[in-house]
S.K.: 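Quick one: structure below, then a few questions.
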Number of protein chains: 2
Amino acid sequence: MNKRIRIKDIAKVAGVSKGTVDRVLHNRGNVSTKARDKVIAAMEKLEYEPNVIASALASKKSWQIAVLIPGHEGDPFWEQPLEGIHRAVKTLRDYGVQIDYYPFRDADPEHFRSLGQRILRTPYDALLVAPSFARESHELLDHCDAKGLKYVEINTLLERETSCFLAYIGQDSYASGVLAAKLLNFEMSPGATAIILHLEKEVYNARHLLDKQAGFEDFFNKQAEKHIHVVQESYGDIQDLTGTECFIREMLAKYPATQGIFVSTSKLFRVVPAIKKYQQKPVSLIGFDLIEQNLAYLASGDISFLINQNPYKQGFLGMMNLFNHLVLKRDIQRLQFLPLDVVMRENVRYYVEEEYEKMHIVI
Amino acid sequence: MNKRIRIKDIAKVAGVSKGTVDRVLHNRGNVSTKARDKVIAAMEKLEYEPNVIASALASKKSWQIAVLIPGHEGDPFWEQPLEGIHRAVKTLRDYGVQIDYYPFRDADPEHFRSLGQRILRTPYDALLVAPSFARESHELLDHCDAKGLKYVEINTLLERETSCFLAYIGQDSYASGVLAAKLLNFEMSPGATAIILHLEKEVYNARHLLDKQAGFEDFFNKQAEKHIHVVQESYGDIQDLTGTECFIREMLAKYPATQGIFVSTSKLFRVVPAIKKYQQKPVSLIGFDLIEQNLAYLASGDISFLINQNPYKQGFLGMMNLFNHLVLKRDIQRLQFLPLDVVMRENVRYYVEEEYEKMHIVI
DNA sequence: ATTTGGTCTGTGCCCGTACACAGAGTAAAG
DNA sequence: CTTTACTCTGTGTACGGGCACAGACCAAAT
């Protein structure tokens, strides 16, 4: 019985035409204050809520969105956010949402910068970005702020107080470091050494890695009973197989009491063979992301834990949040931390077989 | 440029009117085989995909769905699925989705049965059910199958091979038992006792509890190194506070080597005070669900782990799957196991502050 | 030959919002 | 008093698919 209130109903109650109601609703101007007041009163009285469907059908606007994230040649992790983005766009097609994909090369800030400049030259409605390189990203986003181009960040959080920063969707990097430490701690004995290993170049320019390290160190420093010794190492040239093997051998020789290793990215699988080769005593390994190679080592027992950063959701929700803001004009939350899923042999399949989730669309 | 194909376009190519195309699309009959063939040929050639928005706007059909789940007076757990259902319905309102809520009393199969009969007498388009009582649920669902009333199950899986069984959304109970065992095992020493405790009446009639127990026992039986002794206990009358305390005291006296207790439902918090009172040595507790009381004990360190069964998602996705099947005529997956999230002090806030998730709608 | 009953097909309005356009009204300028 | 410029308001159509209805067509019955 409670029939849905329509624009027509408001017009009748306010004693104006639906055109005038529409102008009030969309702040299109050219409305006398008298008419506006009557319309607003009628709207409040009738508790009008717009019909999203009719609105979407009538609107012929289209939304161009630039997507600036790492390509997945360098890192298979990035397949998943892209998949999430595509799934979102597919279901939003009727709403006129379209994307241009700008994949930048892993570990190549210059490439990031040049793609960013191309994006700035094109008239986009919004930007979805993974701001991997702190310096270059701030530079790009400063330009966005100046131009009024709104953006959503995924995977790496660069906190910005501007109005063009719509939202961040991704993990809380500090907390993921704490979690990794707590999990490793289960399998370590007093006095042992825990290594945090960054397999990246220019770690100082990657905010999320520094945050993970801080969390990891803080846990062990606060938890004093076991006296775990925490050290940090980094190695950027993992394409070079023999170099990587050498580095691991020397690292393990340097810390003979090592009982746990935390790799701060998805690239743990790249060093597992070398660790197995050169480490005599048992060692617990923990890393990020459920990519194929990591999962194989989880299944074989070589990796103890993987922390799932929900990459698919990062892309999917990133897109959906842009849609909610731009098209549906809804408020969106600025900081959206995704769950840090603890994945082990026993529960891994629920994270891998998440196809069910991909069948759905978030509006 | 690649303009969206409309019914009008197909009609033009096939040399018929859009009315005929519509009849073919919806199998409404009254179409000559000649016309049908032409339309189908045109559709395949043009790769028609319906415009969901326009379709939803034009259709004035409404969908009546019965929701038969436990009320949350007996168990706060059930607030969350209900919230998920409401959120889904709210966003689907424009699509004409409406629900009737039939909360049944915890531990009252007769109430379940009588509500089920009322539902069968009303002309619903579908049913969303938590089949807590095996016997009574099979009885109800047999009637649904006979009547052609389609249903989605949440939280407890009753496997049925019929075509009216659309989907199950919830945890894999066996796997959650295995997981609980693995987690407890971290904190137990060799030769200790692990208790699985059911705080329910009629455990034999609750399939998911039996499955959890099987998983729990299997883990410890297969993992032989520590020689953990597994025992099972159950107590149904937790409303009776002194009785519960008595029961716990006797149980702990009976198993002096207890180092871990696994409560198979969300009701762990009900026995924590008694356990603290009567257990001298350290004991690890694990249970289900992030309800307020459990979270307080997780924060204070009395509970080691909680396994999140994603109750909100059970309701939300259950509703969304019905919507996808009924309204959008999409295929849905029959078994949809939700992730078993391992929640500890370190990552709890990401599961509690999941408001971001509730802002969205899955179509 | 006309009527009847049935199958098949096209036309046109409906849904609720967006927006273009035309027209009314008013005030200032000539 | 007329013209011009501007603000304000109502009308009408588009959006794409659902669906009712009218009517065309054909075969069988009267």
Side-chain angles (χ1 to χ4, degrees), chain A residues 2-40 42-43 46-63 92-97 326-329 363, chain B residues 2-40 42-43 46-63 92-97 326-329 363:
Chain A
N2 43 16
K3 218 169 155 284
R4 189 69 181 268
I5 301 299
R6 308 171 317 231
I7 282 188
K8 211 194 283 181
D9 301 318
I10 297 176
K12 193 186 279 176
V13 170
V16 297
S17 75
K18 65 197 180 85
T20 304
V21 177
D22 179 65
R23 275 181 281 269
V24 174
L25 277 173
H26 297 89
N27 288 316
R28 245 194 286 281
N30 289 340
V31 179
S32 63
T33 45
K34 213 172 108 191
R36 146 175 274 114
D37 290 345
K38 281 193 295 180
V39 169
I40 289 175
M43 267 171 51
L46 298 179
E47 295 182 348
Y48 169 75
E49 282 182 49
N51 183 323
V52 197
I53 298 175
S55 162
L57 180 64
S59 164
K60 36 188 135 286
K61 204 176 287 174
S62 89
W63 306 91
L92 298 179
R93 202 180 37 169
D94 288 337
Y95 292 85
V97 173
L326 293 177
V327 184
L328 304 186
K329 317 279 184 216
I363 288 194
Chain B
N2 42 15
K3 219 173 152 286
R4 190 70 181 270
I5 300 300
R6 307 168 320 229
I7 281 191
K8 210 194 283 180
D9 302 318
I10 297 177
K12 191 185 280 176
V13 171
V16 297
S17 75
K18 72 194 182 85
T20 304
V21 176
D22 180 64
R23 275 181 282 270
V24 174
L25 277 174
H26 298 89
N27 289 317
R28 249 194 281 282
N30 289 340
V31 179
S32 62
T33 44
K34 212 172 110 191
R36 149 173 272 112
D37 290 347
K38 282 193 296 184
V39 168
I40 289 176
M43 267 172 50
L46 298 179
E47 295 180 351
Y48 172 74
E49 282 182 48
N51 183 322
V52 199
I53 299 176
S55 162
L57 179 63
S59 166
K60 35 187 134 286
K61 203 176 287 173
S62 89
W63 306 91
L92 298 179
R93 201 182 40 169
D94 288 337
Y95 291 87
V97 174
L326 293 177
V327 185
L328 304 185
K329 316 280 182 217
I363 290 194

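Source: prediction; values computed, not measured. Chain letters run A, B, ... following the sequence lines, proteins first, then strands; residues in each count from 1.
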S.K.: Taking side-chain contact (heavy atoms from CB on, under 4.5 Å) as the definition, give me every residue that meets it alongside Ala56(B), ordered by chain and number, with sequence neighbours left out.
M.R.: Ile53(A), Tyr95(B)

S.K.: Under 3.5 Å, sequence neighbours excluded: what are the donor-acceptor pairs made by side chains of residues 13-26 of chain A?
M.R.:
residue, atom, partner, partner atom, Å
Ser17(A), OG, Gly19(A), N, 3.4
Asp22(A), OD1, His26(A), ND1, 3.1
Asp22(A), OD1, Arg28(A), NH2, 3.4
Asp22(A), OD2, Arg28(A), NH2, 2.5
His26(A), ND1, Asp22(A), O, 3.1

S.K.: Generate the contact string for nucleotides 13-27 of chain D. Rules: B means base contact, S means sugar-phosphate contact only, - means no protein heavy atom under 4.0 Å.
M.R.: B-BBBBB--------

S.K.: Looking at every non-hydrogen atom in both residues, tell me the closest pair between Asn51(A) and Ala54(A) and how far apart they are.
M.R.: OD1-N, 3.0 Å

S.K.: From the 5' end of DNA chain C to its 3' end, which nucleotides mark the outer limits of contact with chain A, defined by a 4.0 Å heavy-atom distance cut-off (strictly under)?
M.R.: dG16(C) to dC19(C)

S.K.: Could you pull out all residues at least two apart from Arg6(A) that satisfy salt bridge (Lys or Arg N to Asp or Glu O under 4.0 Å)?
M.R.: Asp9(A)

S.K.: Between Pro50(A) and Asp94(B), which heavy-atom pair has the shortest distance, and what is it?
M.R.: O-OD2, 4.5 Å

S.K.: So for the helix from dA1(C)-dT30(D) to dG30(C)-dC1(D), with five pairs setting each end axis, what is the inter-axis angle to 10°?
M.R.: 70°

S.K.: Tell me, please, which residues at least two apart from Lys61(A) pass side-chain contact (heavy atoms from CB on, under 4.5 Å).
M.R.: Ser59(A), Trp63(A)

S.K.: Could you measure the distance from the NZ atom of Lys12(A) to the CD1 atom of Ile7(A)? Nearest 0.5 Å is fine.
M.R.: 14.5 Å

S.K.: Between dG10(D) and Thr20(A), is there an OP1 or OP2 to side-chain N/O distance shorter than 4.0 Å?
M.R.: yes

S.K.: Mind checking side-chain contact (heavy atoms from CB on, under 4.5 Å) for Ser62(B) and listing every partner two or more places apart, or none if nothing turns up?
M.R.: Gln64(B), Gln98(B)

S.K.: side-chain hydrogen bond (donor to acceptor under 3.5 Å, both in side chains) with Arg93(B): which residues, sequence neighbours excluded?
M.R.: Glu49(A)

S.K.: Determine the minimum heavy-atom distance between Met43(A) and Ile10(A), stating which atoms define it.
M.R.: CG-CD1, 3.4 Å

